[in-house]
*Asks:* 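The structure under discussion is supplied below as structure tokens; questions concerning it will follow.
Protein chains get the first letters and strands the later ones, always in sequence-line order, with residue 1 at the start of each.
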Amino acid sequence: MEHIRTTKVEQVKLLDRFSTSNKSLTGTLYLTATHLLFIDSHQKETWILHHHIALVEKLALTTSGCPLVIQCKNFRTVHFIVPRERDCHDIYNSLLQLSKQAKYEDLYAFSYNPKQNDSERLRGWQLVDLAEEYKRMGVPNSNWQLSDANRDYKICETYPRELYVPRIASKPIIVGSSKFRSKGRFPVLSYYHQNKEAAICRCSQPLSGFSARCLEDEHLLQAISKANPANRYMYVMDTRPRHRMQSWWATQKDIGRIILNAMANRAAGKGYENEDNYSNIRFQFVGIENIHVMRSSLQKLLEVNGTKGLSVSDFYSGLENAGWLRHIKAVMDAAIFLAKAIMVENASVLVHCSDGWDRTSQVCSLGSLLLDPYYRTIRGFMVLIEKDWISFGHKYSERCGHLDGDPKEVSPVFTQFLECVWHLTEQFPQAFEFNEAFLLQIHEHIHSCQFGNFIGNCQKEREELKLKEKTYSLWPFLLDDQEKYVNPLYSSTSQKPAVLEPNTVAFHFKFWRNMYHQFDRTLHPRQSVFNIIMNMNEQNKQLQKDVKDLES
Amino acid sequence: MEFSELIRTGQAQAELLRGPEMPPLRGTLCVTGHHLLLSPGPQATPDLWLLLLRSVDSIEKRVAGDAGTITLRCKDLRVLQLDIEGVEATLDIARSIEALSSLESVITSFPFFYRPKGLRLGEAWHFHPPERYYKRIARETRAWRLSEANEDFSLCPSYPRAVIVPRAVDDDALARSARFRQGGRFPVLSYYHAPRGTVLLRSSQPLTGRQKLRCAEDEELLRAVLAEARPGARGFIVDTRSAQAAKQARMTGGGTEAKAAYPGWKRLHRPLERGRPLQESFVRLMEACGDPEQSMDRWLSRLDGCRWLSHVKEALSTACLAAQGMEWEGACILVHGAEGTDSTLLVTSLAQLILDPLSRTMAGFQELIEREWIQHEAPIFLLFLDCVWQLGRQFPLSLEFGEGMLLALFDHSYASPFGTFLCNSEKERCLCEVRTRTHSLWSGLNQPKEQRKLRNPLYVPNPLAIWPSVEPQSLRLWQGLFLRWTHPPEPSEVAWEKVWQIATDQKTEGSQPTDSASEPQP
């Protein structure tokens, strides 16, 4: 490894960032090709994957040595003191290189070897089968069909090959609509509600400028609403905040006034559906902020909760200023709006934001989770992530900063989704088959690049990278460890209403300590309820089995 | 006095509004000496809704046309709205409730009339006096004795008849020390920490005044405490006021222990809010919790502004400080503020819960409350319950009682059919014969039918100290209490039932004893 100069440093101190007595552990720091490893004098090991490192800083030299602070994407922060500045400098430089790879092929997943043969690996990849999932939902059917329009990624590079569309939408309509939508992401099926015969569809924003229209797009929307026999009108949810769209609209108009109309028309090319052009649609803004606002919100949150000796007052005013919980509530409210439109009004809903891969993924997946108990099981949740996030082109590699790229593309969109799910598990402790550890583990791996699932930004790119041949899928490994992730209180039968109706009054939103402080053990409850209930459950099962064995 | 004189109208037709999710309840409203009843009438279900009048905190009335509305704000944080037919009836009912709910007299209160089936008067009281606690200590050390110097409450009206004091100090010295302390609350033992042989004491402030008076007996008492603990033992005086406030108290006759007069003792100031500011903090929190329409920003800013969780943090940190002094440094701790009756008790009782596994059992906790708390109907007792709830959340297996127990204590502390929380001192309780003429709350709570609500099914005795994290990220708003009437967390109740199921399966199948801790263990 050309980046590694020093592989081992002794007498390194690890500080506890929240300890008031400045407690520290002394041990040895090792640098490997994939990990930074610290072994303290009690032989306790702390492993830090290079890919998890978000930021590494070398602080000013102190009398006890050179401080090295590492912030990780899984919210671990470690503070080392390296006795000699030379060593610190070497490690610092190596980590700078190792934490930012230039090529996909250098990511951990391509070298990770869990000692499985090819057929085992392939079976792992087949664990989640989206064709099966659409079948489970009840499509294709008399109103919805599988379209081969994107079979070769010709219409939309960031969509999957298999797309479900209304049966009456012909190929020219699809092609026409795709040209009118940002990045070709035309309206397609995300979730089909069998009982209500209503659909959740998704797309990107129309390139409408302020006067353009597209007949094919209008036809496609009409086809979606016709595919729902129970309701003539459908909702179009623009997940962006209205004020931003309006101010954008206003600037477009100003430009229009200044420059020639034709130029303005060309320059524009973003927007939302003009209600006059579409029959039977109800337009709705839901107000989720963009990736940049979310990134800086999380940044502020981390600054607050990383403060040592934080007062209660600073904590709450910091939470307020960061706006993080406000954003979480906005995502949740949008999903509730979506679920209600389907449950109460029997209406189909088309969801979009700008490109339709961030906020749209949040709202579609969370809405489906509220509607369908299957997605609240361990397996179902994997399917949901594969469907609404991975297959529809949420740009994991850019959002998680897997490669050395544009820092402005990094944003905690998926983390917000997991946090919304966590809030639901708090409000409905019996509705989910999985527990918090499952969510944390998934979060760990969107950044770890240890498995192939989250590498790349869309399916086409993943196929080009030959991920299924060269890397492993995360899901079978999670299933193997299933007992760690089971919620002992889960009760699939006692869910009287299969649909979750969460309360989004401000009181119900809490700071997710176990996510943002998962490695700060001093801040945690010292005893785990889940562990003991799991043990009790296990023992109960064993005893029941013993009794049966004795009886037979 | 007859209650009937205060009741202007016994009955009226009324409708109780029960929030957005429930239909209003119609029926006949009746005011009795102690209760407000709503009977839906013979044709409806026998649904009878009932409220103890003493729990009414404030009442608002409005009339319009030929009907009126009464809004009752209860001490248990409930708000009830009643629409009543007839202007006269509304006003009369409101006046009756006002008169009956503000009765001061203890012996006309409901506990003196409450005679439930299955309970015998005088039960369960024997559990708790200091004598019982002294027996526990006497097994460990000879350094302390039970003094009956306060037999007739002449030393201190707010202390029990018997108190635990250093063996080396005689009753005359106690009497002198009592005269040197506000309200006569001289330093007495609150908790003996057997693993380190150290003690937790509590008192009120010394009356040093402007002249910086001293009291040889008081100094001797604290010297004896250190001498009995261990040669060369150190002590910390945790003053729950700021250094500034303690100094200012001298102007009004109070003060604090001078360093030179109490060798071996070191003073630490840890200001805790109490009284009016604490009450205001509580009211502001309740206002915030009553507004479901507010934005996230507004909610967080009100949660910050009311400062309630800051008080929780301060109380727990100070208790940790006292407990660490005993456990880690082997020091003796004396806690006092000014009167030594509110924040002092908060700190001493929390420190015991942190250190003493016995106080975390159902019986031990009841004993602790009996021993330590004299005032219950104040936000300081609520602050105590909140801190215990935080401990329980961080150590979900280590408390034998659950959230239900804390909620029950909160409710009964404000208005109760039981006599346990009546009166503000031992002396008053004796005068009113509370012990012989009312039922004890503990006998009510310790009935088998109540246990599932009150106990923690996950409890496993934990012999260690439980050190809570007091970082703001680790503290949480006690939703089960503060949002109980506005946003009850219903699904979690169902989940709680499931936890019980799993745990009881475990116990019966594993054939472990299920009734282990209804009696306090020595």
*Asks:* Quick one: does B:Gln473's side chain have a donor or acceptor within less than 3.5 Å of a partner on A:Asn305's backbone?
*Replies:*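 Side chain of B:Gln473 to backbone of A:Asn305, a donor-acceptor pair under 3.5 Å: yes, one is there.
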
*Asks:* Pick one: which of B:Arg307, B:Lys313, B:Glu471 meets side-chain contact (heavy atoms from CB on, under 4.5 Å) with A:Val312?
*Replies:*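 When side-chain contact (heavy atoms from CB on, under 4.5 Å) is applied between A:Val312 and each of B:Arg307, B:Lys313, B:Glu471, only B:Lys313 qualifies.
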
*Asks:* Roughly how far, to the nearest 0.5 Å, is the NZ atom of A:Lys329 from the OG atom of B:Ser295?
*Replies:*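 Between B:Ser295 OG and A:Lys329 NZ, I get 9.0 Å after rounding to 0.5 Å.
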
*Asks:* To the closest 0.5 Å, what do you measure between CZ (A:Phe315) and OG (B:Ser310)?
*Replies:*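 Separation between the atoms: 11.5 Å.
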
*Asks:* Counting neighbours of NZ on A:Lys510 that are heavy atoms of other residues, nucleotides or ligands and sit closer than 6.0 Å, is the number greater than 12?
*Replies:*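 For A:Lys510, atom NZ is crowded (more than 12 foreign heavy atoms under 6.0 Å).
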
*Asks:* What's the spacing between A:His517 NE2 and B:Ser469 OG if we round to 0.5 Å?
*Replies:*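 Going from the NE2 atom of A:His517 to the OG atom of B:Ser469 covers 9.5 Å.
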
*Asks:* Take A:Tyr316 and B:Leu309, measure what side-chain contact (heavy atoms from CB on, under 4.5 Å) needs, and give me the verdict at the end.
*Replies:* CA-CA 10 Å; A:Tyr316 281 100; B:Leu309 283 167; 3.2 Å; yes

*Asks:* What part of A:Thr504 gets within 4.5 angstrom of chain B, counting heavy atoms only: side chain, backbone, both, or neither?
*Replies:*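 Neither part; nothing is under 4.5 Å.
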
*Asks:* Using only atom types and a distance under 3.5 Å, with no angle test, would you say the side chain of B:Gln479 pairs donor to acceptor with the backbone of A:Phe507?
*Replies:*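 Confirmed, B:Gln479 side chain pairs with A:Phe507 backbone.
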
*Asks:* How close do B:Pro472 and A:Ser311 get, heavy atom to heavy atom, and via which atoms?
*Replies:*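 Answer, listing the atom of B:Pro472 first, then A:Ser311: CG-O, 3.7 Å.
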
*Asks:* What's the spacing between A:Glu320 CD and B:Leu303 CG if we round to 0.5 Å?
*Replies:*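 The CD atom of A:Glu320 sits 10.5 Å away from the CG atom of B:Leu303.
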
